[in-house]
Asks: 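Got a structure for you, questions after.
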Amino acid sequence: LALLDEYVTVSNTNVHLRAGARRASRVLVPDPPEWRWMAAGDESPWFPGCRIYRQEVNGDWEGAFARLAGDLLGSSGP
C-alpha cells in the first residue's frame, strides 16, 4: 500500500495502513458517515491528506463517483 501512487477505497483498515505510511487515499464515505469521517468536509482530522468523497443521499453514489473521477482526471499527468 505504501508503494501505490493512487489509492481509492471505502472506509477500511487499508486507510489506516496508508495513513501510517504517510500516504494519502481517496475514500468513498456513505451517508450517514461513521464518526471518523465527520458529518461534513473533504478531510478527516485523523487521516491527513485523505480526500473524502461523500454520498449526498444514502444509496446514491453518482455524485461521489463524479467528483472522484473529476479529481482523478485532473491529477493525471500528460
Asks: If only atom types and distance count, is the side chain of R18 paired as donor or acceptor with the main-chain N or O of L4 below 3.5 Å?
Replies: yes
Asks: How close do D71 and R51 get, heavy atom to heavy atom, and via which atoms?
Replies: OD2-NE, 3.3 Å
Asks: What I want to find out is whether R54 reaches D31 closely enough, with some N-O distance under 4.0 Å, to be called a salt bridge.
Replies: no
Asks: Closest heavy-atom contact between P48 and P45?
Replies: CD-O, 4.2 Å
Asks: Below 4.5 Å, heavy atoms only, C-beta onward: do R36 and H16 meet side chain to side chain?
Replies: yes
Asks: Between E56 and R67, is there a side-chain N and carboxylate O pair less than 4.0 Å apart?
Replies: yes
Asks: If you look at every heavy atom in C50 and V15, which pair is closest and at what distance?
Replies: SG-CG1, 4.4 Å
Asks: So do L28 and T9 actually touch side chain to side chain, heavy atoms under 4.5 Å?
Replies: no
Asks: Whether the side chain of S25 engages the backbone of V27 through a donor-acceptor N/O pair (distance < 3.5 Å, no angle test) should be reported.
Replies: no
Asks: Closest heavy-atom contact between E34 and S11?
Replies: OE1-OG, 3.0 Å
Asks: Applying the 4.5 Å side-chain criterion to the ILVMFWY set and letting contacts propagate, would L72 and W61 be lumped into a single cluster?
Replies: yes
Asks: Hey, is E6 close enough to R26 for a salt bridge, meaning N to O under 4.0 Å?
Replies: yes
Asks: Indicate the atoms forming the closest heavy-atom contact of S44 with I52, along with that distance.
Replies: N-CD1, 3.7 Å
Asks: In terms of relative ring orientation, are W37 and F47 parallel, tilted or perpendicular, with 30° and 60° separating the classes?
Replies: parallel
Asks: Between the side chains of Y53 and D42, is a donor N or O closer than 3.5 angstrom to an acceptor N or O?
Replies: no
Asks: Can you name the nearest heavy-atom pair linking V29 to P33, along with the distance?
Replies: CG1-CB, 3.6 Å
